[in-house]
Amino acid sequence: MSVAPRTHFLLFLISLSSRMGLSRYIEDIEAADGLYSLLSLDQKRDSEDFIFRRPLRCLDMLATDGSYTFVASRPQLACAAFIIAEPSEVISLELSDVNIDCSAGDFIKMFDGWVLKGEKFPSKQDHELPLHQRYTDYCSSPATGATSRSSQNVAMIFFRLHSADSGFTLAIKKLHNPFPCNIMSQSPEGSFTMVLPHQRRNCSFSIIYPVEIRLTDLSLGHAKNNELSPKRQLWSGCSGSGDYVELLGGNGVDTSMMFPVADLCFSLSGLAQMKIGCDNSVVRLVSSGNYINRVSFQYRLLEQSELPKTQENALDNFCSVE
């Protein structure tokens with residue numbers, strides 16, 4: 001049975017909070033009053049300018065263009081908002097009406113991607129910018145630090161306010177991205193095509209669900225034969241080719257810390273499929289920049305009875321899904 005995307009993402013964040021120490025960022029949030037109430041929080045639309053407006057919570061998940069205002073009723077020392085768009089969109093963030101005291105330790109930071117205690121999406125290996133350039137710090141330069149634009153369909157903002165009545169307004173606008181790369185899927189089922197036209201970079205499509213992934217088409221410029229290689233503990237097959245697709249599984253968001261399930265380094269016309277029983281399932285396209293590389297795939301949520309068991313597909317049972 002499918003899980004509502006908003007509910008699943010919030011439950012995933014709760015799970016990461018306990019497993020990975022998300023409290024480092026949101027240690028003072030009361031779950032009953034904050035996180036769970038997001039599930040029933042309505043988006044409100046202004047009838048005149050057609051802009052969605054609502055309050056911003058200390059811990060929030062945002063998926064709609066609009067204007068979100070945070071006003072502290074008490075000191076809020078560790079708050080974060082996770083923003084997600086459609087796969088073919090990037091996110092523009094703009095701060096206004098900022099009323100904080102940077103000299104007292106207040107801050108507002110925007111990040112190009114998601115951060116969850118040491119784990120980042122996209123990973124350092126998959127993002128074109130060095131890590132320090134992915135942060136936009138309002139307090140470092142208010143004139144230029146009030147806007148940020150993501151490189152993919154996820155972004156986040158985290159902030160600390162020491163005084164009541166401090167606050168700001170965050171405007172979110174989503175823009176079309178002609179070559180989507182490093183995508184977080186909102187849905188447990190669908191299809192997608194990633195294309196890298198002569199670009200030396202890596203692109204990951206991350207699905208925060210245990211899913212079955214079906215590769216329906218793969219075109220690699222150097223390819224001559226077909227081969228799907230299930231992974232065990234040693235892995236030296238396709239990584240040396242420079243152009244390949246790998247399937248990953250894990251329970252965090254950093255693809256560099258996930259388990260390699262299988263790789264494919266030869267063109268494929270037809271069907272190759274794999275079940276990944278992890279909280280996070282990833283299709284990752286690695287490109288040398290010498291060719292136009294393309295991968296198409298479908299994915300669907302696994303039923304509880306379908307979750308991989310030990311030895312199934314000749315893979316270790318490396319993920320524990322409750």
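None of these values were measured; they are calculated from a predicted model.
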State, with a plain yes or no, whether a side-chain heavy atom of [X] is found less than 4.5 Å away from one of [Y].
X	Y	value
P210	L301	yes
K109	V115	no
I172	T64	no
Q125	T255	no
R149	L175	yes
N153	N177	no
I292	H198	yes
L196	C203	yes

(Q) Check the orientation of F168 and F159. Use parallel for under 30°, tilted for 30 to 60°, and perpendicular for over 60°. (A) perpendicular
Donor-acceptor contact present, side-chain [X] to main-chain [Y], <3.5 Å:
X	Y	value
W114	K120	no
N182	S204	yes
S92	K173	no
E119	L116	no

Q) Hey, mind stepping through T169 and S67 against side-chain hydrogen bond (donor to acceptor under 3.5 Å, both in side chains) and telling me if it holds? A) CA-CA 7 Å; T169 294; S67 180; 5.1 Å; no
Q | L59 and F82: CA distance, side-chain angles, deciding distance, side chain to side chain contact (heavy atoms under 4.5 Å, CB included) verdict | A | CA-CA 8 Å; L59 177 60; F82 297 83; 4.0 Å; yes
Same hydrophobic cluster for [X] and [Y], using side-chain heavy-atom links shorter than 4.5 Å among ILVMFWY?
X	Y	value
V98	L56	yes
V154	Y135	yes
F121	L131	yes
L129	F111	no

**Q.** Qualifying residue for side chain to side chain contact (heavy atoms under 4.5 Å, CB included) with L285, from L220, N202, L264
**A.** L220
Shortest non-hydrogen contact from [X] to [Y]?
X	Y	answer
P180	S88	CG-CA, 3.8 Å
D279	N251	N-OD1, 3.1 Å
S187	I207	O-CG2, 4.0 Å
D243	G289	OD1-N, 4.4 Å
Y209	Q186	OH-O, 3.3 Å
L248	P260	CD2-CA, 3.7 Å

Q.
Does V261 form a side chain to side chain contact (heavy atoms under 4.5 Å, CB included) with S281? I'd like the steps, not just the answer.
A. CA-CA 10 Å; V261 180; S281 309; over 6 Å; no
To the closest 0.5 Å, what do you measure between [atom1] ([X]) and [atom2] ([Y])?
X	Y	atom1	atom2	value
R160	I100	CZ	CD1	11.5 Å
T147	L95	OG1	CG	8.5 Å
I108	C102	CD1	SG	7.5 Å
M110	R134	CE	CZ	15.0 Å
Q273	L247	CD	CG	11.5 Å
C58	R74	SG	CZ	7.0 Å

Q: Output all residues satisfying side-chain hydrogen bond (donor to acceptor under 3.5 Å, both in side chains) with S256, sequence neighbours left out; order by chain, then residue number.
A: D254
Q.
For H127 and Q152: C-alpha separation, side-chain torsions, deciding distance, then whether side chain to side chain contact (heavy atoms under 4.5 Å, CB included) applies.
A. CA-CA 9 Å; H127 203 285; Q152 62 289 311; 3.5 Å; yes
Q. F205: what forms a ring-ring contact (aromatic ring centres under 6.0 Å, His included) with it, not counting sequence neighbours?
A. F192, F297, Y299
Q.
If you apply the rule side-chain hydrogen bond (donor to acceptor under 3.5 Å, both in side chains), what do you find for N280 with S206, and how did you get there?
A. CA-CA 7 Å; N280 192 6; S206 184; 2.7 Å; yes
**Q.** Sequence neighbours excluded - salt bridge (charged side-chain N to carboxylate O under 4.0 Å, His left out) pairs with any residue from residues 121-133
**A.** D126-R284, E128-R201
Q.
A quick test of your reading: do over 12 heavy atoms of other residues, nucleotides or ligands sit less than 6.0 Å from CZ of R294?
A. no
Q: Start with the C-alpha distance between D106 and S166, add both sets of side-chain angles, then the distance that settles side chain to side chain contact (heavy atoms under 4.5 Å, CB included), and finish with yes or no.
A: CA-CA 9 Å; D106 292 356; S166 298; 4.2 Å; yes
